[in-house]
Amino acid sequence: MSTARTFCGTPRAGDAGRTMTVFGWVDRRRDHGGLIFIDLRDHTGTLQVVIDPQTARGLGNAHEVRLEWVLRVDGELRARAPQNVNPKRETGEVELHAAACAVLSAAKTPPFPVNEDSEVEEQLRLRHRYLDLRRPRLQRNLRTRAAFCIELRRALTGLGFVEIETPQMIRATPEGARDYLVPSRLFPGSFYALPQSPQLYKQLCMVAGFDRYFQLAHCMRDEDLRADRQPEFTQLDIEMSFVDEEDVFAALEQVIPAAWNACDFRGSPLPVPFPRVTWKDAMGRYGTDKPDTRFALELTDITATVRHSGFRVFADAVARGAIVKAICVPGGGDLSRADIEGRLTDIARDAKAKGLAHLWKRAGGWEGPIAKFFTAEELDGIGAATGANTGDCVLMVADTPDTVAAALGALRNHLGAARGLYDRDRVDMIWVTEFPMFTRSAETGEVTPAHHPFTMINADDVGKLESDPLAVRSRAYDIVVNGREVGSGSIRITDPDIQRRVFAAIGIDGEAARRKFGFLLEAFEYGVPPHGGWAGGIDRMLMEGLAEENIRDVIAFPKNQQAQEPMTDAPAPVDEAQLRELGLTLPPSRRNESAQPKPPFSERR
RNA sequence: GGCCCCGUGGUGUAGCCUGGCCUAACACGCCACCCUGUCAAGGUGGAGAUCGUCGGUUCGAAUCCGAUCGGGGUCGCCA
């Protein structure tokens, strides 16, 4: 088809009189009997094609044309009569009078509307993803995704970053998420793993002298899915040599806005530099390490105020070492006792809090079932600490610092969304810094790295590595957008002594370290530059930019919640011969499943 | 693995709480015919659903109960 092609969305009044050829899908048809209008669609928009008796010779079958048929139309573009102009349409001043119309492909009636973004059951959309992708919203999302990525590449390349591909089949590491494994044919019983991230390879690139690396890296993690989590996703991965945090921040504050602003996300540029909050402040003020800073509703500590109060629940808890914190809901006077003791208390309890106390500040003074337990001074103190005004409601939780943060943080997020405390088009992209180096695992009680074990620690805390590891701050940092973590990074350890002591803190001795990460440690013995980097979820950034609530809507061919792909029915059993070649045998209980593939989606419902 | 929500023609919904006027409604789509200026075209007529599945309660179940399957959200999990 070497014919010069005109895109459907492009002709304007000034093009009237031109003879042109357009290709596209039938978006709508309006058949008046003797006169037929067809709106032909491609990715640029739609163009009205007119088939009338004067020009319709040879187009006698035009009445049979249906939605989603693929047509080629040759004709003359004409200006519409003034009364026929459609101002709602980009191409509304013109129309193409068909001289010839070729059906390149007929189409079955689609299983759901393609010419509009109506709600459709997601499984059906995924089953016919090619039709879903043909619809306007996903066309926009994926084209924007491509634009975003090309701008990232442009900006990074302009800053001297080198794009390097790292392997997709690598050695499994037991740490972190569950690996997807790939069996080796030549070494039966041995497996590759698909990368959870290119972490170690990019550090090796630093050793290799590629002092500014980047990659739009595919990462695979076999964990349960969420609205913002797919088993296979894409990270903007960068690493830089001879840098500290400020250099990494500066690079990303240049690169991300360059791409973001080129996409005109939500109509406004990203504020630069990104505001910073330390992990400690984030936990204290917002109750989470990924705060949504679009609204205030901050946590305030009222432990001292209620320590000796007559409200025994608080006083006794504080005596046992608990803290008490509060959030003040502006205008929360409209929260009923049923609201608070129902939905809001459920949220607090889900976060392990034992309960949720509340006080209303009314015109006549403090009210609520527990108001009577506090002195006037204590109530004034709570009011002063929380900044409560008449008409507000103060919600309080007494517990361990972690539980208080989790409960009030969850309430804060809930109330922020439910009460519309922020502009929905606002985007807050912030740094969270100074994460703790280690956390204590809830179930095993073991000390584990909060980020990963190659993260450098704060120089001031080196002395605490053995004596008080949980107090050691790391040089790790996250980027958080509207309360969603989109990426994290750190300055890495290049000092063998520090690395050894960090491993020791998490129970990895020299022998284990050599076994697991020997290639990295050995590489570091040959001249390693100080380095650090960052990796961020492209999909999540696009979600925020495009205001999409689900990661699947920014990915061309995503998996469903069971990590299946309904279009191809992956994963699927394989032939016995394939297994044999790989030296694999399924346990008898699984053989039947293997021998009898699941019925295809169409038969499964 | 836990918890929550959803499942009704091709699509999206109503009906369900309070069982019987449901022989299941509406919009879009689909089919046929009419129609030369529409653009969410219009008009007339039509086809299309054993209400996810199985079981129970009942004289009677889309509706109540139980189980199960499928989808989504979430907690755990995601160094």
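Residue numbering restarts at 1 for every chain, and letters A, B, ... go by the order of the sequence lines. Scope of the values below: all heavy atoms of this structure, side chains included, with no hydrogens, waters or symmetry mates. A quick note: this is a predicted structure, and the numbers were derived from the prediction, not measured.
Within 4.0 Å of A/N115, counting heavy atoms only, lies no atom of the nucleic acid at all. Across all strands, A/Q48 comes closer than 4.0 Å to base atoms (heavy-atom distances). Within 4.0 Å (heavy atoms only), A/E95 reaches at least one base atom of the nucleic acid. Among the atoms of the strands shown, none is found under 4.0 Å from any heavy atom of A/A81. Within 4.0 Å (heavy atoms only), A/D31 reaches at least one base atom of the nucleic acid. Note on A/R66: only backbone sugar-phosphate atoms sit closer than 4.0 angstrom, heavy atoms only; bases stay farther off. Contact annotation for A/S118: no contact, since no heavy-atom pair falls under 4.0 Å across all strands. Nucleic acid contact class of A/L67 (heavy atoms, under 4.0 Å, all strands): sugar-phosphate only. Across all strands, A/Q83 comes closer than 4.0 Å to no nucleic acid atom at all (heavy-atom distances). In this structure, A/R349 reaches neither bases nor backbone, as no heavy-atom distance under 4.0 Å exists between it and the strands shown.
Taking a cutoff of 4.0 Å between a charged side-chain nitrogen and a carboxylate oxygen, A/E116 and A/R137 do not qualify as a salt bridge. Ion pairing between A/R129 and A/E565 fails under the 4.0 Å rule for side-chain N and carboxylate O.
Listed candidates were B/G71, B/G37, B/G76. Nearest to the side chain of A/Q564 is B/G71. Across B/G1, B/C31, B/G71, the shortest atom-to-atom separation from the side chain of A/R29 is found for B/C31. The side chain of A/D39 lies closest to B/C39, out of B/A32, B/C39, B/U38. Closest to the side chain of A/T109, from the set B/A41, B/G29, B/G71, is B/G29. Comparing B/G76, B/G72, B/A41 by their nearest atom to the side chain of A/R28 picks out B/A41.
A side chain to side chain contact (heavy atoms under 4.5 Å, CB included) with A/E68 is found for one member of A/V114, A/T109, A/L131 and no other, namely A/V114.
Both distances falling under 3.5 Å, in either a Watson-Crick or a G-U wobble arrangement, place B/C54 opposite B/G66. B/G12 is paired with B/C26 under the criterion used here, namely a Watson-Crick or G-U wobble arrangement in which both key atom distances are under 3.5 Å.
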Report task. Could you check A/T91 against A/Q48 for side-chain hydrogen bond (donor to acceptor under 3.5 Å, both in side chains), going step by step and ending with a plain yes or no? Result -> CA-CA 8 Å; A/T91 58; A/Q48 174 163 286; over 6 Å; no
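Stacking here means ring centres nearer than 5.5 Å and ring planes tilted less than 30 degrees, and by that measure A/F37 stacks onto B/U38. An aromatic stacking contact between A/H32 and the base of B/G42 is absent, as defined here by ring centres under 5.5 Å apart and ring planes under 30° from parallel.
Under 4.0 angstrom from either OP1 or OP2 of B/G73 there lies at least one side-chain N or O belonging to A/Q561.
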